[in-house]
S.K.: 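Starting off with a structure, shown below.
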Amino acid sequence: MNSKPCIGTCTRIIIYSVLAHLVIAGVGFISFMFKITDESDTDNSVLLDLLLAQNIFILVLEVLISIAVISVIVYAHKKLNKITSQHFDDIENIKKQYQRELEEKNELIRNLTSLYEKTIKSSSLKSEFFYNMSHELKTPLSVILGAIQLISQKYPLDESDRRKSTRHLITIKQNCYRLLRLINNILDISRIDSGYIKTNPVNCNIVYLVEDITSSVIPYVEQKGLTLEFDTLNEEIITAVDIDKIERIILNLLSNAIKFTNPGGKISVKVAKRFNNVIIRVKDTGIGIPKNMQAAIFERYRQVNNGLTAEIDGSGIGLSIVKSFVALHNGVIKVRSEENKGSEFIISLPIQLCEENQWHDSGNQNSQSKIIEAINIEFSDIYFIAP
């Protein structure tokens with residue numbers, strides 16, 4: 001049943017009744033005023049009858065209006081209840097649908113959480129496996145290297161066999177160092193991923209430290225026909241750093257500079273103080289890095305792939321470790337490079353100090369031996385090892 005005609009009819013009844021009410025009231029008022037102004041003694045019974053009829057008619061109209069209003073109210077209430085019921089049903093359906101979707105999303109979240117936890121656990125197990133395996137591989141390598149050094153020192157060969165044996169021993173030692181370098185990188189990656197890697201900072205003159213490392217690699221630079229220079233604007237910059245990690249950082253950058261610079265090229269290392277930071281620059285005149293690869297070279301397992309680097313070995317994790325070691329010192333590293341013109345790596349480290357009794361003794365024999373050993377490991381893929 002269509003509700004619009006019924007509502008329209010009731011509305012018209014109310015409007016017409018109100019108009020009639022107003023007309024009758026107006027007629028009665030005019031008649032009453034006329035009677036008052038009339039000075040004749042005419043009997044006023046007709047006027048009284050007219051007023052009575054008017055009141056009766058007004059009463060009837062008021063009753064009709066009340067009935068019409070009540071009818072409209074009742075109908076509107078029924079209609080509102082019907083609409084409300086329909087809307088309530090729609091709301092309930094929407095709530096049920098939303099509840100189903102919410103349950104599906106919660107189930108999906110639970111599944112994703114479970115997968116994430118399994119992934120984290122698998123990654124942790126993988127890192128632990130690599131860590132344990134690296135340690136297991138490192139032990140026999142150390143034994144092999146120790147045996148080689150013992151053979152070369154304690155059992156001198158005849159002149160006729162010495163050349164061949166020395167060459168074979170050097171080959172064995174070099175490949176042991178290459179394996180040791182890879183194992184150390186894997187260990188560092190495992191420590192970084194697990195969050196177990198820490199720094200052991202000591203106060204030192206970082207200018208002297210970088211200069212000592214740079215001067216120690218001169219034999220490798222000269223062997224490839226390159227020139228190496230060190231420069232500084234400050235003779236002394238005292239700051240707290242992890243000596244081993246700074247050695248790894250500088251040696252890795254120098255190793256890359258040597259590998260990717262052609263004979264006759266130049267490598268320069270500069271140290272300077274800027275505000276409250278130490279700035280270390282390692283620059284070469286090598287093959288450079290394409291612009292589209294410069295943002296990715298610090299990512300793990302990423303290498304510059306072009307015809308100039310096809311024959312150069314590498315695992316693609318060295319610069320990733322360098323960036324992590326720099327970050328451990330609250331520093332940053334960035335690169336500037338242009339193809340066929342060279343690259344420059346810029347390290348910025350904040351100057352900070354440890355307790356006064358924690359100082360690095362760079363002049364002792366043990367420190368020099370550690371640098372030589374670190375160079376032999378880091379430069380093992382440049383195909384030269386001092387006998």
S.K.: So, Lys370 and Glu373, do they make that salt bridge, N to O below 4.0 Å?
M.R.: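 Salt bridge absent between Lys370 and Glu373.
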S.K.: Grab the two heavy atoms, one from Pro350 and one from Asn277, that are nearest each other, plus how far apart they are.
M.R.: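 The answer is CA-OD1, 3.3 Å.
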S.K.: State, with a plain yes or no, whether a side-chain heavy atom of Ile347 is found less than 4.5 Å away from one of Leu253.
M.R.: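 Ile347 reaches Leu253 side chain to side chain.
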S.K.: I need the minimum non-hydrogen distance between Ile279 and Arg281, along with the two atoms involved.
M.R.: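 Looking at all heavy atoms of both residues, the closest pair is CG2-NE, 4.0 Å.
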S.K.: For the side chain of Asp231 and the backbone of Lys270, is there at least one donor-acceptor N/O pair under 3.5 Å apart?
M.R.: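 Not at all, since once roles are kept as given, no pair shorter than 3.5 Å links the two residues.
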S.K.: Please confirm whether the backbone N or O of Ile237 pairs with a side-chain atom of Asn205, one donor and one acceptor, at under 3.5 Å?
M.R.: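 Checking the backbone N and O of Ile237 against the side chain of Asn205, a donor-acceptor pair under 3.5 Å is found.
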S.K.: Is there a side-chain contact (heavy atoms from CB on, under 4.5 Å) between Ile206 and Ile280? Walk through the geometry before answering.
M.R.: CA-CA 10 Å; Ile206 196 169; Ile280 304 173; 4.1 Å; yes
S.K.: If we ignore hydrogens and angles and just use 3.5 Å, is the side chain of Ser348 paired with the main-chain N or O of Val332 as donor and acceptor?
M.R.: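 Not a single qualifying donor-acceptor pair exists.
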S.K.: Hey, is the main chain of Arg110 close enough, under 3.5 Å, to the side chain of Ser114 for a donor-acceptor pair?
M.R.: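 Pair absent, no side-chain N/O of Ser114 close to backbone of Arg110.
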S.K.: Please determine whether side-chain contact (heavy atoms from CB on, under 4.5 Å) holds for the pair Arg248 and Asn185, giving the CA-CA distance in whole Å, both sets of side-chain angles, and the decisive distance to 0.1 Å.
M.R.: CA-CA 10 Å; Arg248 292 280 301 278; Asn185 286 341; 3.2 Å; yes
S.K.: Flag the pair Phe379 / Leu254 as yes when at least one side-chain heavy-atom distance between them is below 4.5 Å, and no otherwise.
M.R.: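 Of all side-chain heavy-atom pairs linking Leu254 with Phe379, at least one is under 4.5 Å.
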S.K.: Check Lys245 against Lys198 and note the closest heavy-atom contact, atom names and distance.
M.R.: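 Heavy-atom minimum between the residues: NZ-O, 3.0 Å.
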S.K.: Is the number of heavy atoms from other residues, nucleotides or ligands under 6.0 Å of Arg274 CZ greater than 12?
M.R.: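 Open: at most 12 neighbouring heavy atoms sit under 6.0 Å from CZ of Arg274.
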S.K.: Is there side-chain contact between Val326 and Leu349, with heavy atoms separated by less than 4.5 Å?
M.R.: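 Side chain of Val326 against side chain of Leu349, heavy atoms only: contact under 4.5 Å found.
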S.K.: Is it the case that one hydrophobic cluster holds both Ile346 and Leu319, taking links as side-chain heavy atoms less than 4.5 Å apart, direct or via other members?
M.R.: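 They do not share one cluster, since no chain of ILVMFWY contacts under 4.5 Å joins Ile346 to Leu319.
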S.K.: Considering only heavy atoms from C-beta outward, does the side chain of Ile189 approach that of Ile321 to under 4.5 Å?
M.R.: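 Touching, per the 4.5 Å side-chain cut-off.
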S.K.: Using a 4.5 Å cut-off on heavy atoms from C-beta on, say whether the side chain of Ser255 contacts that of Lys259.
M.R.: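 When only atoms from C-beta onward are counted, Ser255 and Lys259 do touch, with a gap below 4.5 Å.
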S.K.: Taking a hydrophobic cluster as the set of Ile, Leu, Val, Met, Phe, Trp and Tyr residues connected by side-chain heavy atoms closer than 4.5 Å, whether directly or through intermediates, do Ile218 and Val282 fall within one such cluster?
M.R.: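 Hydrophobic grouping puts Ile218 with Val282.
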S.K.: Return yes when atom CD of Glu101 has more than 12 non-hydrogen atoms of other residues, nucleotides or ligands closer than 6.0 Å, and no otherwise.
M.R.: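 More than 12 heavy atoms, drawn from other residues, nucleotides or ligands, come within 6.0 Å of this atom.
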S.K.: Within the structure provided, determine whether Tyr220 and Leu226 are in side-chain contact (heavy-atom separation under 4.5 Å).
M.R.: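 Heavy-atom side-chain distance check fails, nothing below 4.5 Å.
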S.K.: Are any of the side-chain heavy atoms of Phe325 and Ile197 separated by less than 4.5 Å?
M.R.: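 The answer is yes; the side chains approach within 4.5 Å.
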S.K.: Compare every heavy atom of Leu228 with every heavy atom of Thr214, then report the nearest pair and how far apart it is.
M.R.: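 Closest approach of Thr214 to Leu228, heavy atoms only: O-CD2, 3.4 Å.
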S.K.: Looking only at non-hydrogen atoms, find the nearest pair between Ser337 and Lys291 and report the distance.
M.R.: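 Heavy atoms only, the tightest pair is O-NZ, 4.5 Å.
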S.K.: So do the side chains of Lys273 and Val207 get within less than 4.5 Å of each other, counting heavy atoms only?
M.R.: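 No; the side chains remain at least 4.5 Å from each other.
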S.K.: Quick one: do the Asn252 and Asn256 side chains pair a donor with an acceptor below 3.5 Å?
M.R.: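 Judged by distance alone, the side chains do pair up.
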S.K.: What closest approach, in Å, do Asp242 and Asn200 show between heavy atoms, and which atom pair accounts for it?
M.R.: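 In this case the closest contact between Asp242 and Asn200 is OD2-N, 2.7 Å.
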S.K.: For Lys266, is the NZ atom crowded, meaning more than 12 foreign heavy atoms sit under 6.0 Å from it?
M.R.: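 Open.
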